[in-house]
S.K.: 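Got a structure for you, written out below as structure tokens; questions coming shortly.
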Amino acid sequence: MVTDNILNIPIQSLKTLHKSLNYIRTAKLWLQVLIAMFLGIACGWLLSPSMGLVSSSTADIMGEWLALPGRLFLALIQMIVVPLIFTSILQGIAAAGDIKKLKKTGLSATFFFMSTTVLAVILGISVGIFFKPGQYIDTEKIVQSDTAKAKIAAIQEQSANQSSAEDVSPLKQLPAKFTGILPKNPIHSIAQGDMLQIVIFAIIFGLGMLLLKPESARPILDLTGSIQEVSMQIVGIAMSFAPLAVFGLLAQSVITTGPESLLGIGIYALAVIGALALLYIFYIFLAFALGRVSPIVFLKAIREPTLIGFSTNSSAATMPITVKSAEEGLKIPTSLSQFVIPLGATINMGGTACYQGLTTLFMAQIYGLDLSISALTALIVTAVGASIGTPAVPGVGIIVLSGVLSSAGIPLAGLPLILGADRILERFRTSLNVTGDLAACVVLNRFIKSPNDKTDG
Ligand code: ASP
């Protein structure tokens with residue numbers, strides 16, 4: 001056997017290895033990301049303290065270093081996401097051309113988002129009622145250790161900061177909430193990274209722009225067009241190390257949460273993943289039945305954004321890839337994709353809503369609480385509102401969930417049970433949130449067409 005290297009590996013094997021590596025290097029991004037995900041999970045598993053290969057402090061340090069490219073990746077995307085969302089919405093509005101068409105698109109998108117989100121909560125609740133995941137949990141498991149108590153206190157505090165004035169009736173709070181979403185100082189909203197306010201500012205600004213004479217609007221359009229292009233270039237640079245980022249982020253996630261965090265509450269985790277799988281099928285069905293896009297084409301187009309959503313835990317960070325896939329894979333006109341996707345990334349969270357409905361039921365079952373029809377109706381309304389308000393960034397969904405639980409009158413003491421698994425389950429719901437935005441594009445594209453529509457693809 002011919003060997004010509006210090007490890008004594010046969011030349012033929014080296015050639016095959018080189019060929020495979022080359023294949024992976026030049027493969028499509030989704031495939032690279034998928035491979036990176038598996039390798040990341042495997043690496044995290046090997047290094048996780050339960051495997052006993054390295055001590056838990058060494059595993060922690062290694063996890064931090066492995067996650068470094070991913071953190072840089074996320075920071076780069078987060079840095080660019082505000083100008084990108086703002087300019088994309090302006091360009092989307094400008095491409096729509098006139099206010100009448102925009103009104104139709106805006107109203108149809110809102111209708112689609114709301115109705116599918118309501119259905120998503122109902123789906124979550126139904127899976128909860130049907131499978132009763134809470135009945136398998138031993139209430140003794142709700143350990144009241146000091147760390148568990150400290151975690152609940154921290155979540156409660158953050159949740160209270162988000163929705164203060166509990167004692168004021170919700171009906172009285174509503175008008176203030178409406179005025180609250182209008183950014184009084186857009187620069188402040190940008191500095192705070194408040195996506196909902198930024199989106200609203202961009203829409204109002206874009207509408208104002210449509211009322212101008214074309215020659216007066218041109219400079220703004222040219223400038224925002226250039227900013228958008230620069231932002232996309234930066235996204236392109238970030239994407240070139242997406243597989244490495246995904247590998248490290250997942251490895252660290254498995255090291256810190258450990259695969260056992262899912263196993264401990266297996267039935268609940270399975271119920272969440274099952275409910276989200278049904279929601280996935282529902283979106284594919286909508287794209288097919290209403291959007292007339294075959295499941296194969298739809299699945300092919302959405303694989304990249306859903307994998308990136310899964311890996312980054314953030315629909316906002318995934319937004320640029322979602323827009324690209326909509327335009328290139330699904331041939332959605334820019335006027336639609338650049339308006340609907342940034343809006344959807346901010347307010348359309350079917351996956352989150354489904355999860356909130358199911359988890360509330362799960363917690364109620366743990367405490368033996370029976371939710372009446374009116375409590376379930378209130379839950380649907382709260383979960384729809386809460387999913388709209390959930391920021392499209394990692395790790396905040398659980399805080400919003402605690403608000404939903406409190407308003408349903410469910411004690412928060414059970415939260416530590418799902419804390420570990422939440423970071424993993426959040427990945428699934430983020431993928432679903434992204435899928436929902438793409439399904440919306442496909443459906444709206446069939447019903448709202450304009451002669452000057454153009455795609456990038
Ligand atoms: N992280 C999710 C997203 O960005 C939201 C959630 O936590 O449910 O879509």
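All ligand and atom numbering here is 1-based and tracks the order in the structure. Residue indices begin at 1 and follow the sequence shown. All of these numbers come straight from a predicted model, not from anything done at the bench.
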S.K.: List ligand 1 atoms under 4.0 Å from Ser314, heavy atoms only on the residue side.
M.R.: 4 (O)
S.K.: Ligand 1 and Thr390, any nitrogen or oxygen pair closer than 3.5 angstrom?
M.R.: no
S.K.: Looking at atom 2 (C) of ligand 1, what's its closest protein heavy atom, distance included?
M.R.: Thr430 OG1, 3.3 Å
S.K.: Cut-off 3.5 Å, side chains only: do Thr224 and Gln91 have a donor facing an acceptor?
M.R.: yes
S.K.: Considering only non-hydrogen protein atoms, determine which one is nearest to atom 9 (O) of ligand 1 and report residue, atom name and distance to 0.1 Å.
M.R.: Ser315 OG, 2.4 Å
S.K.: One residue to check: Ile398. Relative to ligand 1, which of side chain, backbone, both or neither has a non-hydrogen atom less than 4.0 Å away?
M.R.: neither
S.K.: Do Ser337 and Glu327 have a side chain donor and acceptor closer than 3.5 Å?
M.R.: yes
S.K.: Does either side chain, that of Ser314 or that of Thr312, offer a donor lying less than 3.5 Å from an acceptor on the other one?
M.R.: no
S.K.: Under 4.0 Å from a heavy atom of Thr352: which atoms of ligand 1 are those, numbered in the order shown and with their elements?
M.R.: 5 (C), 6 (C), 8 (O)
S.K.: Report the nearest protein non-hydrogen atom to atom 1 (N) of ligand 1: residue, atom name, distance rounded to 0.1 Å.
M.R.: Glu426 OE2, 2.7 Å
S.K.: Short list, please: which atoms of ligand 1 are under 4.0 Å from a heavy atom of Gly397?
M.R.: 7 (O)
S.K.: Measure the shortest side-chain to side-chain distance between Leu330 and Cys441 over non-hydrogen atoms and say whether it is less than 4.5 angstrom.
M.R.: no
S.K.: Would you name the heavy atoms of Gly436 and Phe112 that are closest together and state the gap between them?
M.R.: O-CE2, 4.0 Å
S.K.: For Phe298 and Tyr283, I'd like to know if the aromatic rings sit close, meaning centre-to-centre distance below 6.0 Å.
M.R.: no
